[in-house]
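By convention in this document, chain letters (A, B, ...) are assigned in the order of the sequence lines, proteins followed by strands, and residues within each chain are numbered from 1. Values in this document were obtained by computation on a predicted structure and should not be read as measured data. Note: hydrogens, waters and symmetry copies are ignored here, and every other heavy atom, side chains too, is used.
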Protein chains: 2
Amino acid sequence: MAVSARRGLPLTSEEIYAAALRLIDTAGVDALSMRKLAADLDVNPMSLYHHVESKTGLLRGVCRLVDSRLQLPPDDGSPWQDQLRALAHAYRSIAQSHPSLWLHVNSHPGVIDQKGELWTVYNRILVAAGVPFDELAHTRKALVAFVIGLISSETIGFLQALGEEEGETDADATFEVAVDLIIASLEARHSRT
Amino acid sequence: MAVSARRGLPLTSEEIYAAALRLIDTAGVDALSMRKLAADLDVNPMSLYHHVESKTGLLRGVCRLVDSRLQLPPDDGSPWQDQLRALAHAYRSIAQSHPSLWLHVNSHPGVIDQKGELWTVYNRILVAAGVPFDELAHTRKALVAFVIGLISSETIGFLQALGEEEGETDADATFEVAVDLIIASLEARHSRT
DNA sequence: ACCTGAACACCGTTCAAGT
DNA sequence: ACCTGAACACCGTTCAAGT
């Protein structure tokens, strides 16, 4: 009762992040404002600042939330091709769930603090693919760039298509072909055959 | 004299686009505002609206300006590998000149109206590379995604490194390796050898 | 500890009025 | 035709005050 005039429970940052993510998915990152978010939570705009440092901090929190949902392929003994495919699809599924946030993150350096664990997984897969140690960094960078480019292009196309008539996007097929292409090129360069 | 209290000459949209581009390159797209742009041009904020429809229209104009500077490889008889490399580098050089604008465009569908001519050039190169007609669309999409992903990753890294100590970026080498990888993979799939 | 209202320094844009 | 000031509906954020 002593908590708020408009709500029964105190705010939590988790609650704030979740609401922000919902608004972002609905109307896009650019349409998110502290004041709209507060209205959505039925709360005074200034209350947010007790749980979130700033709008930038809010966005970082939302990204962490989404990041934590990324399903990294486990280190079982399965072929590196399968693991790479799984990773690409996990990434893609996150982008499809939150297209606007995805594009925002991938064009705003610094919103994501560090992808340490992700790098580790990529490296593990590349080692399994036979990439020599001194080419690991180059190859990982290129690989990550390819995957991100693929997904970004698809996401842009998806958002663009919302306002047009365009028939089937055929995106699944394009994505599969592209991932196969990446895998094939890794096989060609480093396999012992 | 009857033109403006603060300037001798009437505004032109070209002048506006050029000034906006300068501000964007200096402080980033997010920091651009109609009011700052007007101040930079020594002009009343509202005067801009006689030459530019809106802030979105302004951004589109700036993109057209930058787009017109893209050096598309000519249709001489040179090997498709060289042409692809040239195209990738032309693209890259634009991103390096205007990193913030580049990232903005590649995450905001609709700022660029159509890249008709660019598509044509890509298709020409892919045909020369032996890509069969019915795989043209898929392959072009993947190729464009790869190149854009490569350049975007590099650009993000570049902007990120501005605030850190990080030594040499080694970006040139990574880029070269990645473009070689793309070319090799096209050669492997479609050459007649 | 958590919330809140008023206030400040910004935005993009409309509109009626000026030359 | 081109410019302009005032005004409107928004922003993010600070701060002093409330419980």
Side-chain angles (χ1 to χ4, degrees), chain A residues 1-24 26-63 100-101 104-105 107-108 110-111, chain B residues 1-24 26-63 100-101 104-105 107-108 110-111:
Chain A
M1 298 292 165
V3 184
S4 166
R6 314 155 89 172
R7 296 161 27 94
L9 296 165
L11 274 177
T12 66
S13 33
E14 276 66 35
E15 198 184 357
I16 294 178
Y17 297 144
L21 181 56
R22 206 157 26 78
L23 290 187
I24 289 172
T26 304
V29 175
D30 292 341
L32 177 71
S33 79
M34 298 298 276
R35 293 168 121 112
K36 279 189 210 153
L37 175 57
D40 186 78
L41 284 164
D42 203 18
V43 128
N44 183 288
M46 292 314 113
S47 302
L48 299 176
Y49 285 89
H50 281 270
H51 306 91
V52 147
E53 196 189 5
S54 63
K55 193 179 180 183
T56 308
L58 170 70
L59 248 5
R60 258 208 312 268
V62 176
C63 288
S100 179
L101 184 67
H104 179 85
V105 169
S107 61
H108 287 76
V111 256
Chain B
M1 298 296 164
V3 185
S4 165
R6 314 154 92 172
R7 297 163 25 95
L9 295 165
L11 275 177
T12 67
S13 33
E14 277 67 32
E15 197 184 358
I16 295 178
Y17 296 145
L21 181 56
R22 206 156 27 80
L23 289 187
I24 289 172
T26 304
V29 175
D30 291 341
L32 177 71
S33 80
M34 297 299 275
R35 293 167 120 113
K36 278 188 211 155
L37 175 57
D40 186 77
L41 285 164
D42 203 17
V43 127
N44 185 289
M46 293 314 113
S47 303
L48 298 176
Y49 285 89
H50 282 268
H51 306 92
V52 147
E53 196 188 6
S54 63
K55 193 181 179 181
T56 309
L58 169 70
L59 248 5
R60 259 208 311 268
V62 175
C63 288
S100 179
L101 183 67
H104 179 85
V105 169
S107 61
H108 287 76
V111 258

Can you tell me how far P of dC11(C) sits from CG of Leu23(B), to the nearest Å? 12 Å
note: Asn44(A), atom CG; dA6(C), atom P; distance rounded to Å ~ 10 Å
Tell me the interatomic distance from Leu41(B), atom CG, to dC2(D), atom C1', rounded to whole angstroms. 15 Å
In whole Å, what is the span from the CG atom of Leu58(B) to the P atom of dC11(C)? 14 Å
Which nucleotide wins on minimum distance to the side chain of Tyr49(A), given the candidates dT13(D), dC3(D), dC3(C)? dT13(D)
In the structure I gave you, are the side-chain heavy atoms of His108(B) and Leu59(B) within less than 4.5 Å of one another anywhere? no
Let me know the distance between CG of Leu37(A) and C1' of dT13(D), rounded to the nearest Å. 15 Å
With DNA chain D as reference, determine whether His50(A) or Leu32(A) sits nearer its 5' end, using the nearest nucleotide of each. Leu32(A)
Candidate nucleotides dT4(D), dG12(D), dA7(D), ranked by approach to the side chain of Arg35(A) - the nearest: dG12(D)
Does His51(B) have a side-chain nitrogen or oxygen under 4.0 Å from the phosphate oxygens OP1 or OP2 of dC3(D)? yes
Report which part of the nucleic acid Met46(A) touches: base, sugar-phosphate, or nothing (heavy-atom distance under 4.0 Å, all strands). base
Name the pairing partner of dT19(C), where a pair is Watson-Crick or G-U wobble with both distances under 3.5 Å, or state none. dA1(D)
May I have the distance from Leu11(A) (atom CG) to dT4(C) (atom P), rounded to whole angstrom? 9 Å
Rounded to the nearest angstrom, tell me the gap between atom CE in Met34(B) and atom P in dC11(C). 12 Å
Is dT14(D) paired to anything, Watson-Crick or G-U wobble with both distances less than 3.5 Å, and if yes, which nucleotide? dA6(C)
Return yes if some donor-acceptor pair links the side-chain N/O of His51(A) with the main-chain N/O of Ile16(A) below 3.5 Å, else return no. no
Establish, with yes or no, whether the OP1 or OP2 oxygen of dC11(D) is under 4.0 angstrom from a side-chain nitrogen or oxygen of Ser33(A). yes
Without swapping roles, check the side chain of Lys36(B) against the backbone of Ala31(B) for a donor-acceptor pair under 3.5 Å. yes
Lys36(A) NZ to dA9(D) C1': how many Å, rounded? 12 Å
Using modelled atom types only, decide if a donor and an acceptor are shared between the side chain of Ser100(A) and the backbone of Val29(A) within a distance under 3.5 Å. yes
Quick one, Leu48(A) and Leu58(A) - any side-chain contact, counting heavy atoms below 4.5 Å? no
